[in-house]
> 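There's a structure below that I have some questions on.
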Amino acid sequence: MLQILKKRILAGCLALTVLTVSCSGCRTPSHLFSSVKLPKEQRSFDNYTEKLFTEELRQNTIHLHYTLADPKKFGIDSHKISLGSLSKKDWETSASSAENISAALDGFQYEALDTKQQLTHDILKDYCEQTLSSSDFYYYEEPLRPTTGIQSELPILLAEYAFQDPRDVTDYLALLTCIEDYFSQIARFEEEKSKEGLFMSDYAADAVIKACRTFTEHPKENYLIDTFQTRIDSMKNLSEEKKKLYKDQNRSLVEHAVIPSYQKLADTLKRLKGSGANDAGLCRFPKGKPYYESLVRHSTGSEKSIKQLQEMTKRQRSLDLAALQKLLAEHPNLAASKEPELIQKEPKEMLDHLLQAIQKDFYPAADSSYQLNYVHKSLEGTLAPAFYLTAPIDDISRNVIYLNKGSQYSGIQLFTTLAHEGFPGHLYQTTGSAQAGLAPIRALLNYPGYVEGWATYVEMLSYQYAGLTEDMAELLMRNQSALLSLYASIDMGIHYDGWNLADTIVFLKNFGITNRSTIQSMYELIVEEPSHYLKYYIGYLEFLELKEYAKDMLGSAYSDRNFHQAVIRIGPAPFKIVKNYFKDFYIQENP
């Protein structure tokens, strides 16, 4: 359940380090950067954030293309062809940029801004603080995580790169020429990590090497050739001669630039294997514990300490397990029940059903158009069971949901996964936040805890939309919540408390999980992807906590439908900020 384009503030203005899959709420600005009669301070603030937005997008072609369908409408006539930079100099420059942005924000008269501008101000300020707090952890970053790393996600971004006009095609081909240099930067970065004693474990290296080898196994049949040809053939404004020229150029670049870059990267990792000093959690590195704390804050959007998050997780697990025991005691037949049969069998049927079923608890979707694609076979072993590809902020109809046939999801598991990715999950949240008119700059600020927490929260609700009995829906939901809590506890146990495999085995034995092979795979995955599961589970718990806060505050004026709408209108942000603005947005949307 990945998303597209993970962002952090870096050099230039807001430059991005690593591409991953992300899903931030964004919008088409109503004024498209045109002159609007606003009070002077509000106009100055809009001008400043719009300048940040356009300057960042000019620095990275992938981000520009996936953020805007028509850059010219935003005043972007020219841009640099680049995949970004991983250099330490740019990393250090990012801290200076964050300081400059923070100082500029302090220069505005906060009280003169309207509520939405104050919200944007607070979020930008928080993002600058996060960047500065993580500035000492350059070598702790990892662009090659086995599941969410650049080696797996770049091919998807390239395969889905839309061709609206010939400029898109030439930009795309130019991007392919950048891959060799970009992967060389990654290789140098991994070599430097090795010298610092911070290189990945051997089993993590093996996973990334395998992904690279699989992608390059059949160069002449690589799917970047097929997908390019399909997109070119659909372009009506190109001559057949031009189409052939572009196809030949693409094939040559894939075979002689892209494939060799992956092969060289795999060779580098193979050579560096054995140099990793730690095959366990982050806390075993010199600065590992503070790095993990910083990473968790960014991943979850929660202000709570790790100890508080551990207690929060344990408490919810106890509630879920108690509810399960009560259900099974009152309805013992549930324990013997087979997996429930759903009326809907195909993904599109499920999504169409969800779109109708959520109407009672959610406002109508801002845009319900989408395309269902399947992950290429060569990537089935390295990508998540499903993910949503974010639409450009000026064309929110371009929504793509990817399914991974390798996961073999079906029935209720597929249904709830589609709720997570589609309605009322990522697709619903993204288009709904877009319709709310978020400032363009917020399209570049990713808050995984909000984004994945929302999708997990509505995934839990989706059991009640599947046509199950009330008891069966609650049983499955509570079980899923408890299962996710185990992953969250293990993540914090490994990376903060120093659990090894034996500790993980002892922990899971308490919950009846004893298969050593399964536990080892789980352990290694969590070592490789620190805080990955926390953005889902802690984000989910923060939404539950926010919901209780709203009920206590609003009393009889509370409704689930209006709660969901207010949260969507606020958009991705740290939960402290969401909470601070909740009442304002609830009242504005529901006077």
Side-chain angles (χ1 to χ4, degrees), residues 4-8 10-20 51-87 89-91 93-94 97 143 150-151 153-189 222 224-225 227-228 231-232 235 237-238 242-243 245-262 264-265 389-390 392-395 440 443-444:
I4 284 276
L5 302 176
K6 178 183 177 183
K7 300 107 180 169
R8 62 173 295 128
L10 277 188
C13 209
L14 296 171
L16 291 74
T17 326
V18 182
L19 292 170
T20 73
K51 183 180 179 182
L52 285 180
F53 175 73
T54 55
E55 287 183 356
E56 154 56 18
L57 288 184
R58 284 192 176 97
Q59 303 305 309
N60 189 297
T61 313
I62 289 271
H63 301 144
L64 172 63
H65 188 79
Y66 274 91
T67 303
L68 297 177
D70 189 353
K72 289 184 179 179
K73 287 186 178 179
F74 291 76
I76 302 176
D77 294 316
S78 61
H79 55 272
K80 179 181 179 182
I81 303 296
S82 171
L83 285 169
S85 170
L86 284 175
S87 74
K89 180 181 178 181
D90 283 344
W91 176 273
T93 302
S94 72
S97 295
I150 185 67
Q151 78 287 345
E153 294 179 355
L154 181 58
I156 294 294
L157 291 168
L158 293 173
E160 285 297 316
Y161 196 101
F163 295 159
Q164 303 294 324
D165 55 51
R167 174 64 186 270
D168 290 330
V169 181
T170 56
D171 281 357
Y172 175 90
L173 294 171
L175 271 177
L176 297 188
T177 68
C178 297
I179 291 177
E180 183 176 7
D181 177 66
Y182 189 63
F183 274 38
S184 293
Q185 289 185 54
I186 295 174
R188 286 196 297 272
F189 179 67
N222 187 277
L224 290 183
I225 296 174
T227 55
F228 181 87
R231 282 171 288 164
I232 287 292
M235 296 184 72
N237 54 344
L238 285 181
K242 201 71 172 177
K243 288 180 179 180
L245 174 64
Y246 285 148
K247 289 178 183 179
D248 290 343
Q249 288 177 342
N250 177 70
R251 178 177 288 276
S252 178
L253 286 168
V254 170
E255 291 183 16
H256 302 295
V258 178
I259 298 296
S261 297
Y262 270 82
K264 289 177 183 177
L265 182 61
L389 196 67
T390 313
I393 67 174
D394 52 340
D395 185 4
L444 306 183

> Is any side-chain heavy atom of D77 less than 4.5 Å from a side-chain heavy atom of K72?
yes
> Have D171 and H79 got a donor and an acceptor in their side chains that come within less than 3.5 Å?
yes
> Report yes or no: does E180 contribute a side-chain atom to a donor-acceptor pair with the main-chain N or O of A257 at less than 3.5 Å?
no
> As a quick check of understanding, evaluate side chain to side chain contact (heavy atoms under 4.5 Å, CB included) for S94 and D90, giving each step before the final call.
CA-CA 6 Å; S94 72; D90 283 344; over 6 Å; no
> Are I225 and E255 side-chain neighbours, meaning at least one heavy-atom pair lies under 4.5 Å?
yes
> Suppose we screen for side chain to side chain contact (heavy atoms under 4.5 Å, CB included). Which residues come up paired with T177, at least two apart in sequence or across chains?
L253
> With rounding to the nearest 0.5 angstrom, report the OG to CH2 distance, S85 to W91.
12.0 Å
> Give the minimum heavy-atom separation between F189 and P143, together with the two atoms involved.
CE2-CD, 3.5 Å
> Taking the side chain as every heavy atom from C-beta outward, state whether P71 and L57 have any pair of such atoms under 4.5 Å apart.
no
> Donor-acceptor pair, distance only, cut-off 3.5 Å: does the side chain of D165 make one with the backbone of D168?
yes
> Just by distance, do the side chain of S252 and the backbone of Q249 share a donor-acceptor pair under 3.5 Å?
no
> Measure the spacing between CD1 of I156 and CG of L389 and express it to the nearest 0.5 Å.
8.5 Å
> Write down the atom of I150, the atom of P155, and the distance for their closest heavy-atom approach.
O-CD, 4.1 Å
> Got Y172 and H65 here, is their nearest side-chain heavy-atom distance under 4.5 Å?
no
> Decide side chain to side chain contact (heavy atoms under 4.5 Å, CB included) for L154 and I179; before the verdict, give the C-alpha distance in whole Å, the side-chain angles of both, and the deciding distance to 0.1 Å.
CA-CA 10 Å; L154 181 58; I179 291 177; 4.2 Å; yes
> Do L265 and S261 come close enough that some side-chain heavy atom pair is under 4.5 Å?
no
> If I take atom CG from residue L176 and atom CG from residue L158, how far apart are they, to the nearest 0.5 angstrom?
6.0 Å
> Whether the side chain of D395 engages the backbone of A69 through a donor-acceptor N/O pair (distance < 3.5 Å, no angle test) should be reported.
no
> In Å, rounded to the nearest 0.5 Å, how long is the span from CD of E55 to CD1 of I76?
10.0 Å
> Looking at Y246, does the NZ or CZ of R251 lie under 6.0 angstrom from its six-membered ring centre and within 45 degrees of the ring axis?
no
> Around atom NZ of K264, are there more than 12 heavy atoms of other residues, nucleotides or ligands at under 6.0 Å?
no
> Could I get the full list of salt bridge (charged side-chain N to carboxylate O under 4.0 Å, His left out) partners for D248, not counting sequence neighbours?
K244
> Does some side-chain heavy atom of P392 sit less than 4.5 Å from a side-chain heavy atom of L68?
no
> Any sub-3.5 Å donor-acceptor pair from T61's side-chain atoms to S82's backbone N or O?
yes
> Is a side-chain donor or acceptor of Y262 paired with a backbone partner of Q151 at a separation under 3.5 angstrom?
yes
> Flag the pair Y161 / F228 as yes when their ring centroid distance falls below 6.0 Å, and as no otherwise.
no
> When rounded to the nearest 0.5 angstrom, what distance separates CG in L173 from CG in N250?
6.0 Å
> Rounded to the nearest 0.5 Å, how far apart are CG of L157 and CD1 of I62?
5.0 Å
> Locate the shortest heavy-atom distance separating I393 from A443; write the atom from each residue and the value.
CG2-CB, 3.8 Å
> Looking at every heavy atom in both N60 and H63, which two are closest together, and how far apart are they?
CG-ND1, 3.0 Å
